[in-house]
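Notes follow once the structure below has been shown.
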Amino acid sequence: MAPLRSLAAATLLFLSAANAHFTINSPVGLEGSNLDDDKEGNAPCGALNADLSQTTTNDFHVDGDFIALTLGHPQANWLFRGTLDPTSSNNWTQLFPILTQSGLGDFCEPAVTAPKAWAGKKGIIGIACDGPDGILYQCALVNFVSGSNTPGDACKNATTVTADFNDDALLSALVSNPTNSSSGSSTTGSAPTSSTTAAGNAAPALARGEFPLGSLAVAAVMAVIGGTLL
Ligand SMILES: *[C@@H]1O[C@H](CO)[C@@H](O)[C@H](O)[C@H]1NC(C)=O
Ligand SMILES: *[C@@H]1O[C@H](CO)[C@@H](O)[C@H](O)[C@H]1NC(C)=O
Ligand SMILES: *[C@@H]1O[C@H](CO)[C@@H](O)[C@H](O)[C@H]1NC(C)=O
Ligand SMILES: [Cu+2]
């Protein structure tokens, strides 16, 4: 019964990491740490609309700054985009080639650039995530500033995470200047893949199913299964 017991443990471990579809860790997102998971599907920013009249302490360096995310799914495609005018629909600029993240957890792209002409202006960084739940959104209000930034501690990749450039027609449709992976910079390598863990093996099958009642309900089900079978 040990394998079943450890599968249950791995499942609970996985679910606690997968509470959110994805979170934006840096720059600080519009929703801060109280991200509304249920509204991440609302374009263009999730639960909140960006308001350029608000002040922000987020600086985003146009010659290169980092975007740090945590993915609660085993795989998804990322689009990084920006705009100076969130009220003008369909005027988002693609900031980086579309990436596929494989492996759930932290992911950070250390040197995302924005148009130099944006330096000195306030604007929005938008993240769109094409994963098993459809397209999900988060945004950050930022001051675009000149120069480049050194990635901070928040910029890290989970050890099991790898990434590749890929095309994604759904994500390309969300920017006014779509660029395919072939035309993007090719400096991004793959992070080393460690051997798969129990959680890593359990995750993909579980994550494709939906748990609409949330992880608490699933935890209860697992407890019942555990009580019955172990
Ligand atoms: C789109 O955004 C750019 C700045 O990034 C701006 O120059 C342009 O006027 C905007 N176009 C529309 C239609 O709002
Ligand atoms: C990107 O690739 C798709 C096919 O994968 C193609 O239809 C589209 O024209 C390409 N776009 C650019 C900007 O190269
Ligand atoms: C995370 O992985 C991506 C893709 O391999 C890579 O471009 C990036 O530099 C990595 N980030 C860190 C902080 O190492
Ligand atoms: Cu999700």
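Throughout, residue positions are numbered sequentially from 1 according to the sequence presented.
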- Hey, are the side chains of Ile124 and Leu52 touching, using non-hydrogen atoms and a 4.5 Å cut-off? yes
- Tell me, please, which residues at least two apart from Lys156 pass side-chain contact (heavy atoms from CB on, under 4.5 Å). Asp106
- Query: Do you see a donor-acceptor pair shorter than 3.5 Å between the side chains of Thr70 and Asn25?
  - Reply: yes
- Would you call Leu79 and Gln94 a side-chain contact if the rule is heavy atoms closer than 4.5 Å? yes
- Task: Report the distance from atom CG of Asp168 to atom CG of Leu99, rounding to the nearest 0.5 Å.
- Result: 11.0 Å
- Could you grab the distance from atom CD of Glu31 to atom CG of Leu48, nearest 0.5 Å is fine? 4.5 Å
- Item | Beyond-backbone contact of Pro110 with Thr150, side-chain heavy atoms, under 4.5 angstrom | no
- Query: Looking only at heavy atoms, what is the nearest atom pair of Phe66 and Gly152, with distance?
  - Reply: CE2-N, 3.3 Å
- Looking at side-chain heavy atoms only, is the closest gap between Leu104 and His73 below 4.5 Å? no
- Query: Which heavy-atom pair separates Phe144 from Trp118 by the least distance, and what is that distance?
  - Reply: CB-O, 3.2 Å
- Message: For the residue pair Thr83 / Asp85, report whether a side-chain donor-acceptor contact shorter than 3.5 Å exists.
- Response: no
- Query: Taking side chain as C-beta onward, heavy atoms only, is Asp51 less than 4.5 Å from Leu141?
  - Reply: no
- Task: Heavy atoms only: give me the nearest Gly147-His61 pair and the separation to one decimal.
- Result: O-CB, 3.0 Å
- Minimum heavy-atom distance Leu71-Gly103, with the two atoms named: CD2-O, 4.4 Å
- Might you point out which heavy atoms bring Leu84 and Lys122 nearest each other, and give the distance in Å? CD2-O, 3.7 Å
- Query: Can you tell if the side chain of Arg81 reaches within under 4.5 Å of the side chain of Pro44, non-hydrogen atoms only?
  - Reply: yes
- Message: The test is side-chain contact (heavy atoms from CB on, under 4.5 Å); show your working for Asp167 and Ser172 and say whether it passes.
- Response: CA-CA 8 Å; Asp167 295 340; Ser172 290; 5.9 Å; no
- Task: Would you sort out whether Leu174 and Ile135 count as a side-chain contact (heavy atoms from CB on, under 4.5 Å), showing the intermediate values?
- Result: CA-CA 10 Å; Leu174 300 176; Ile135 301 184; 4.2 Å; yes
- Quick one: does Trp92's side chain get under 4.5 Å of Ser176's, heavy atoms only? no
